[in-house]
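Structure first, commentary second.
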2 protein chains.
Amino acid sequence: MNISEVAARAGLPAKTIRYYEEIGLIRPLRGSNGYRAFRETDLHKLAFLGRARSLGFSIEDCRTLLALYEDRSRASADVKAVARSHLGRIAAKIAELQAMQATLTALVDACAGDQRPDCPILGGLALPPAQG
Amino acid sequence: MNISEVAARAGLPAKTIRYYEEIGLIRPLRGSNGYRAFRETDLHKLAFLGRARSLGFSIEDCRTLLALYEDRSRASADVKAVARSHLGRIAAKIAELQAMQATLTALVDACAGDQRPDCPILGGLALPPAQG
DNA sequence: ATGGGGCTTGCCATGGGGGGAAGGTCAAGG
DNA sequence: CCTTGACCTTCCCCCCATGGCAAGCCCCAT
């Protein structure tokens, strides 16, 4: 399998696949012409990586998960720990965004949004945040 | 005012302030020794930028907001448009994270998390996502 | 053999700074 | 006057996870 075929099948850009090889996530073979020669196992790994990335796992998390994926004697507790840690980061990020959303929504709702220059949004950004 | 004082007062790292000058968000004066000489207006702008950034506005959004902030004849509608656009991005990001959260939570809940190797999390990452 | 696509490497760019080196400046103490 | 140490300056490389582009092979069909 050449890179464009495995890219189409894994749903990843060829550039990303080359990058994943460069950082050691996959190790495809090489043909005599220098082309990467992907096996089915490489394709599986790339599909795995694509799904893990789409769930927001970092590359380093992916490296860990891939090692666990390949280790037939792994403990599921190890996998669960990685996943739960990531869930914590997701929850924290959601909370942060929701706080921004609340603050900004309040400012937007207070703004007339007409031709006049008076603007509570700019006012809110210019002054220290009130805690009440 | 030297950079460390304005950094402390604006709550921004000195490095960030130099960066903001480099990209033209602020234009502090210079003393004869080459040191940046910040005025009160520079401090206000930096505090404004810090709050806008903490609400998740991009640097380019900040540039726009700062221009509106300085334009006494702006229309509040222009400000509101920028803020609403940003609120849309925030909502999209929250939705994306919540989708990840839902998928990952389901996998984590299905995982025993013990010493055995069977792991629905890895299974879910290895197989194409079921839509049910 | 010629053309057009696919493959390779390599370098530069993003956003929003962080880290740290090399060197000039300033204020206080001996 | 000299030193010390804190502060300031510019400069360049680093992060993540790619995207874009260019030069130069390679393969297949005509």
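For the pair E60(A) CD and dT18(D) P, the computed distance is 13 Å after rounding to whole Å. Atoms OH (Y19(A)) and C1' (dC11(C)) sit 16 Å apart, rounded to a whole Å. Remark: P of dT25(C) and CD1 of I3(B) are 17 Å apart, rounded to the nearest angstrom. Look at CG on L49(A): it is 12 Å from P on dA17(D), rounded to the nearest Å. Between the P atom of dC7(C) and the CZ atom of F38(A) lies a distance of 9 Å, rounded to the nearest Å. Atom pair Y20(A):OH and dA17(D):P shows a separation of 8 Å (rounding to whole Å applied). Here the C1' atom of nucleotide dA17(D) and the CG atom of L12(A) are 12 Å apart, to the nearest Å. The interatomic distance linking L55(A) (CG) with dA17(D) (P) rounds to 14 Å, in whole Å.
Contacts of R53(A) with the nucleic acid, taken as non-hydrogen atoms under 4.0 Å apart, involve only primed sugar atoms and P, OP1 or OP2. If you check every strand for non-hydrogen atoms under 4.0 Å, R18(B) touches a base.
Counted by atom type alone, S4(B) and N2(B) present zero donor-acceptor pairs between their side chains at under 3.5 Å.
Checking side-chain atoms of H86(A) against main-chain N and O of L55(A) turns up a donor-acceptor pair under 3.5 Å.
OP1 or OP2 of dC7(C) lies within a sub-4.0 Å distance of a side-chain N or O belonging to S4(A). Within the 4.0 Å cut-off from OP1 or OP2 of dG15(C), not a single side-chain nitrogen or oxygen of S58(B) is found.
With dC8(D), dT10(D), dA17(D) as the choices, the nucleotide that has an atom nearest any side-chain atom of R36(B) turns out to be dT10(D).
Ion pairing between E22(A) and R18(A) fails under the 4.0 Å rule for side-chain N and carboxylate O.
In summary, of the residues considered (E21(B), E40(B), E70(B)), a salt bridge (Lys or Arg N to Asp or Glu O under 4.0 Å) with K45(B) occurs for E70(B) alone.
For the pair N33(A) and E22(A), nearest-nucleotide mapping onto DNA chain D gives the more 5' position to E22(A). Each of R30(A) and Y35(A) was assigned the nucleotide of DNA chain C with the nearest heavy atom; the assignment lying further toward the 5' end belongs to Y35(A).
Evaluation of atom-type donor-acceptor distances gives no pair under 3.5 Å for the side chain of K15(B) against the base of dG16(C).
Residues T64(A) and F57(A) are not in side-chain contact: their nearest non-hydrogen atoms beyond the backbone lie 4.5 Å or more apart.
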